[in-house]
Colleague: 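Okay, handing you the structure first.
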Protein chains: 2
Amino acid sequence: MTVRSISIKDVARRAGVSPTTVSRVLNNSAHPVNSKTRRRVKAAIAELNFHPNRLAQGLINNKSHLIGVIVHDLSDPYFAEMVKGMERVIIKYDYIVNIYNTSRDVDKELKAVDLLRANRAEAVVLTGGTLLDQHYREEMAGYIKELQSNGSIVLGVTAHPFNIKSIELGNSLAARLITNYLLEQGHRAIAYINGPAILGTTNERWQGFQEALLARKIPIRDKWIVAGDFSFEGGRRAARQLLDEITGLTAVVASNDEMALGVMWEFKNQGLAIPDDLSVVGIGNIPAAKYAYPPLTTIALPIFDLGVQIGEYLINTLGDKGSFNDQPEVQLSLVERDSVRSLLEV
Amino acid sequence: MTVRSISIKDVARRAGVSPTTVSRVLNNSAHPVNSKTRRRVKAAIAELNFHPNRLAQGLINNKSHLIGVIVHDLSDPYFAEMVKGMERVIIKYDYIVNIYNTSRDVDKELKAVDLLRANRAEAVVLTGGTLLDQHYREEMAGYIKELQSNGSIVLGVTAHPFNIKSIELGNSLAARLITNYLLEQGHRAIAYINGPAILGTTNERWQGFQEALLARKIPIRDKWIVAGDFSFEGGRRAARQLLDEITGLTAVVASNDEMALGVMWEFKNQGLAIPDDLSVVGIGNIPAAKYAYPPLTTIALPIFDLGVQIGEYLINTLGDKGSFNDQPEVQLSLVERDSVRSLLEV
DNA sequence: ATCGTTAAGGAAAACGATTTCCATTAGCTT
DNA sequence: AAGCTAATGGAAATCGTTTTCCTTAACGAT
């Protein structure tokens, strides 16, 4: 069905040279080629509209030019931005980025790694924290070892239980920053809405929140810490729980924006005004945070940048370049909008 | 650097057979293989943990197992969902999905097609409507022809200026549905906020809106049609324009959700209550639509489904399967939330 | 005993590139 | 004139598979 495409031999014939010479022209090889011959070959390439077959090149070079990315949910703008950042860099070096969306499904995750192995991916990026299931960890660890022993780079983003190089996103710092901001505005009665226990992200942010309070010797009250799941509905549930059980609260930090939005929604629904009655902040700066009413104060995770840096790291490592930024760090920033009321100016 | 990986020859040696036989076992070939031999080969495969090299297979089969997807913006949940749907199907058949994020940049778009050609992609999906730039159209058309003559499938999603098979998303129907809903609730003074003129989507939805009004012989007033750009800020601008220039409006349909959210935001900001003072609807049902206060009534584009159907179409076409749904149709649905007030019960 | 058929397996070519040798020529040096 | 080097080009092996022929052996039919 598929037509035989134009090969280096066709070019060679047309230019009246051997395939060897064509290859040398193609790769700017050190082996000298007469400039006249070179011109003839180039002309033939152009006339035939020849493009070297990557599969053949990959086979002989033992390079697939494939970089795999495993994400939980591509619809999460968080991951999408990262992939975009990576792709921006990687495409320049003619690498292919191959995405697997696993929906936190263990089997899909394993299948993804399996395929990446079969396709001899040169690098694999594991994003989105940890699944703690024992069986999964063992199988996955096996695959990872194999990939590594095949010479693939395996890179983790945020905490992973696997023994691989990981790039830190600054989750703990993010939580500390946003909490400090609240403290600086005079808030002392601050609730915290946690993420799902299974994720590394959850733990990291929770650490950051605690550090901020501890640094000012503000006690952490168990009742002010409520469980969440990183979803909008989870935020609403948490807000109801807070409203039922607690009085005297002046602010709440939700450990991600979706939940913060849910909290704001529920508060408004119960007749509270934001930020006048209660301040709310999140982490992540997702698009919807800007659309909220009032717009949500949050921490921007420059996730596109992170993607770019990951891309650069991979390209450099794959290319065995000498020196480069081996452990990229992203710059977090506070996005101050209108969901926080200052308690100072009273 | 990269280690030579285990090949079919290693397996053959270990099992005491020829590579031919190993290949036959691997592919369940019609050529008979003694069951005892077969067992030996399988054992060797397992012991060596052998996985056939896709590059080599692709080279000889003239198959890359690569499907390219070109999107404008992966962070747009719209595209992300589609990709997820495609991937869900495609992964089962061991195809690789290769995403290019072009940010509506002509050069990036061309570069993407270029790479896909070099990598011998078996199929290419072009999403996200049309860029009308003349130069771009010509170059792109050339690439597309080439891909096709190489035997690749090229598929468009929504209108394209290229002569390729396209899958319709139901944009016009979506606009008609949401407008009809407003009409059924008794609204007659309805404003419409358009998208960027350059996109096919814009035109299709605009058609749908007109059809709905025309069908009921309701005149379309020029002043009620305002320009937009599919962004949140664009929605806010449009809302201000509407507020300045027009009185007597009871509803506005924004041609996508982002703008609808912007409109709602600005109205609230100007002291209007939604839906009591003004009803607002959108198209798309993006995640943020649910988070809005009040939650936005809109049309859900079952875009994940569309992705699944595209995936199935591609797999079937690539596999030359006999009969399948050649022109998938997605099911639109009205998501009735709280941003519309009924004028009937007065 | 010979023939035909089928089962079973292997050798070698092929896919489209790259790379390692080797051959030829020209230009200098002495 | 002999010898050396550098420039230029090609032949053939190679990467890891699949596939097209071939060969051999076994077995039943005649």
Side-chain angles (χ1 to χ4, degrees), chain A residues 1-41 44-45 48-66 94 117-120 122 150-151, chain B residues 1-41 44-45 48-66 94 117-120 122 150-151:
Chain A
M1 180 200 138
T2 315
V3 193
R4 214 189 111 275
S5 59
I6 294 160
S7 86
I8 203 173
K9 284 184 202 164
D10 301 316
V11 177
R13 197 171 318 122
R14 172 134 192 162
V17 298
S18 75
T20 309
T21 303
V22 177
S23 171
R24 294 208 253 252
V25 171
L26 234 39
N27 300 298
N28 287 317
S29 140
H31 191 105
V33 172
N34 189 292
S35 63
K36 223 169 155 177
T37 317
R38 186 182 299 272
R39 226 172 305 129
R40 269 215 322 284
V41 170
I45 290 176
L48 295 177
N49 196 10
F50 164 76
H51 297 270
N53 183 325
R54 293 316 214 61
L55 292 172
Q57 289 181 318
L59 182 57
I60 191 133
N61 292 332
N62 201 9
K63 293 227 161 209
S64 61
H65 267 235
L66 192 69
D94 292 358
R117 192 227 282 121
N119 284 295
R120 307 292 190 267
E122 292 183 41
N150 283 343
Chain B
M1 182 198 136
T2 315
V3 194
R4 215 188 109 273
S5 59
I6 294 161
S7 87
I8 204 174
K9 284 182 201 165
D10 302 316
V11 177
R13 198 171 319 123
R14 172 132 190 162
V17 298
S18 75
T20 309
T21 303
V22 178
S23 172
R24 293 209 253 253
V25 170
L26 236 37
N27 301 299
N28 287 316
S29 139
H31 191 105
V33 173
N34 187 293
S35 63
K36 225 169 155 177
T37 317
R38 184 182 300 272
R39 227 172 304 130
R40 270 217 319 285
V41 170
I45 290 176
L48 295 176
N49 196 10
F50 164 75
H51 297 270
N53 184 326
R54 292 313 213 61
L55 293 173
Q57 289 180 319
L59 181 57
I60 193 134
N61 291 332
N62 201 9
K63 293 227 161 210
S64 61
H65 266 236
L66 193 69
D94 291 357
R117 192 227 283 122
N119 284 296
R120 307 294 191 268
E122 291 183 42
N150 283 343

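Note that these values count all heavy atoms, side chains included, but never hydrogens, waters or copies made by symmetry.
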Colleague: Nearest whole angstrom, please: distance from the P of D:dC15 to the CG of B:Asp10.
Modeller: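 So the CG-P distance, B:Asp10 to D:dC15, works out to 11 Å.
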Colleague: Please determine, for the side chain of A:His31, which listed nucleotide (C:dG10, D:dG9, D:dT18) has the closest atom?
Modeller: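 Of all the options, the side chain of A:His31 is nearest to D:dG9.
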Colleague: Whole-Å distance between D:dG10 P and A:Arg13 CZ?
Modeller: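 My rounded result for the distance is 14 Å.
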Colleague: Between D:dG16 atom P and B:Arg24 atom CZ, what is the distance in whole Å?
Modeller: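 In whole Å, D:dG16 P and B:Arg24 CZ are 21 Å from each other.
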Colleague: Look at the side chain of B:Asn27 and decide which nucleotide, out of D:dG10, D:dT8, D:dT18, has an atom nearest to it.
Modeller: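 The nucleotide sitting nearest to the side chain is D:dT18.
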Colleague: Over all heavy atoms of both residues, which pair between A:Asp94 and A:His65 is shortest? Give the atoms and the distance, please.
Modeller: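 For A:Asp94 versus A:His65, the nearest heavy atoms are O-ND1, 3.0 Å.
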Colleague: Which atoms form the tightest heavy-atom contact between B:Val22 and B:Ala12, and what is the distance?
Modeller: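 Closest pair (atom of B:Val22, atom of B:Ala12, distance): CG2-CA, 3.7 Å.
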Colleague: Looking only at atom types and distance, does a side-chain atom of A:Arg40 sit under 3.5 Å from a main-chain N or O of A:Ala15, one as donor and one as acceptor?
Modeller: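 Checking the backbone N and O of A:Ala15 against the side chain of A:Arg40, a donor-acceptor pair under 3.5 Å is found.
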Colleague: Counting only side-chain N and O atoms of B:Ser7, is one of them less than 4.0 Å from OP1 or OP2 of D:dC15?
Modeller: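 The answer is no; no side-chain N or O of B:Ser7 sits under 4.0 Å from OP1 or OP2.
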Colleague: Please check the phosphate of D:dT19 (OP1 and OP2 only) for any side-chain N or O of B:Ser23 closer than 4.0 Å.
Modeller: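 So the side-chain polar atoms of B:Ser23 never come under 4.0 Å of the phosphate oxygens OP1 or OP2 of D:dT19.
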Colleague: Below 4.0 angstrom from OP1 or OP2 of C:dT19, is there any side-chain N or O of A:Ser29?
Modeller: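 No, because none of the side-chain N or O atoms of A:Ser29 sits under 4.0 Å from OP1 or OP2 of C:dT19.
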Colleague: Please list, by residue number, the residues of residues 53-60 of chain A whose heavy atoms come closer than 4.0 Å to an atom of DNA chain D; answer none if no residue qualifies.
Modeller: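 Here the set is A:Leu59, A:Ile60.
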Colleague: Please determine whether side-chain contact (heavy atoms from CB on, under 4.5 Å) holds for the pair B:Arg38 and B:Asn28, giving the CA-CA distance in whole Å, both sets of side-chain angles, and the decisive distance to 0.1 Å.
Modeller: CA-CA 10 Å; B:Arg38 184 182 300 272; B:Asn28 287 316; 4.0 Å; yes
Colleague: Let's see if you can work this out: which of C:dT19, D:dG10, D:dC15 has an atom nearest to the side-chain heavy atoms of B:Lys9?
Modeller: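 Taking heavy atoms from C-beta onward, the closest nucleotide is D:dC15.
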Colleague: Please check the phosphate of C:dA11 (OP1 and OP2 only) for any side-chain N or O of B:Ser18 closer than 4.0 Å.
Modeller: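 No, outside the criterion.
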Colleague: If every non-hydrogen atom of B:Phe50 is compared with every non-hydrogen atom of B:Leu26, which pair is closest and at what distance?
Modeller: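 B:Phe50 and B:Leu26 have their closest heavy atoms at CE2-CD2, 3.6 Å.
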Colleague: Under the side-chain contact (heavy atoms from CB on, under 4.5 Å) rule, what do B:Arg120 and A:His51 come out as? Steps first, then yes or no, please.
Modeller: CA-CA 10 Å; B:Arg120 307 294 191 268; A:His51 297 270; 4.3 Å; yes
Colleague: For A:Val22, report the nucleic acid contact type (base, sugar-phosphate, nothing); a contact means any heavy atom under 4.0 Å.
Modeller: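 Nothing: the residue A:Val22, judged by heavy atoms under 4.0 Å, touches no strand.
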Colleague: May I have the distance from A:Leu26 (atom CG) to C:dT18 (atom C1'), rounded to whole angstrom?
Modeller: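 Roughly 10 Å, once rounded to whole Å.
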Colleague: Of the options D:dG9, D:dT8, C:dG10, whose atoms approach the side-chain atoms of A:Pro32 most closely?
Modeller: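 Shortest atom-to-atom distance from the side chain points to D:dT8.
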Colleague: A:Thr20 has a side chain; which of C:dA11, C:dA8, D:dA11 sits nearest to it?
Modeller: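 Among C:dA11, C:dA8, D:dA11, the one nearest the side chain of A:Thr20 is D:dA11.
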Colleague: Rounded to the nearest 0.5 Å, what separation is found between the CZ atom of A:Arg117 and the CG atom of A:Asn150?
Modeller: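 Result: 8.5 Å between the selected atoms.
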Colleague: Taking CG from B:Asn61 and P from C:dA13, how many angstroms apart are they, rounded to a whole number?
Modeller: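 Rounded to whole Å, this separation is 20 Å.
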Colleague: Toward the 5' end of DNA chain C, which comes first, B:Gly16 or B:Arg120, by nearest nucleotide?
Modeller: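 The residue mapped nearer the 5' terminus is B:Gly16.
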Colleague: Atom CZ of B:Arg39 to atom C1' of C:dG9: distance rounded to whole Å?
Modeller: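 So the CZ-C1' distance, B:Arg39 to C:dG9, works out to 17 Å.
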Colleague: Measure from NE2 on B:His65 to P on C:dC15 and round the result to the nearest Å.
Modeller: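 My rounded result for the distance is 19 Å.
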Colleague: Does a nitrogen or oxygen in the side chain of A:Asn62 sit under 4.0 Å from OP1 or OP2 of D:dC15?
Modeller: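 Negative; the distance criterion is not met.
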Colleague: Could you walk me through whether B:Val25 and B:Thr37 pass side-chain contact (heavy atoms from CB on, under 4.5 Å), step by step?
Modeller: CA-CA 9 Å; B:Val25 170; B:Thr37 317; over 6 Å; no
Colleague: Rounded to whole angstroms, how far apart are CG on B:Asn150 and C1' on C:dG16?
Modeller: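 These atoms are roughly 14 Å apart.
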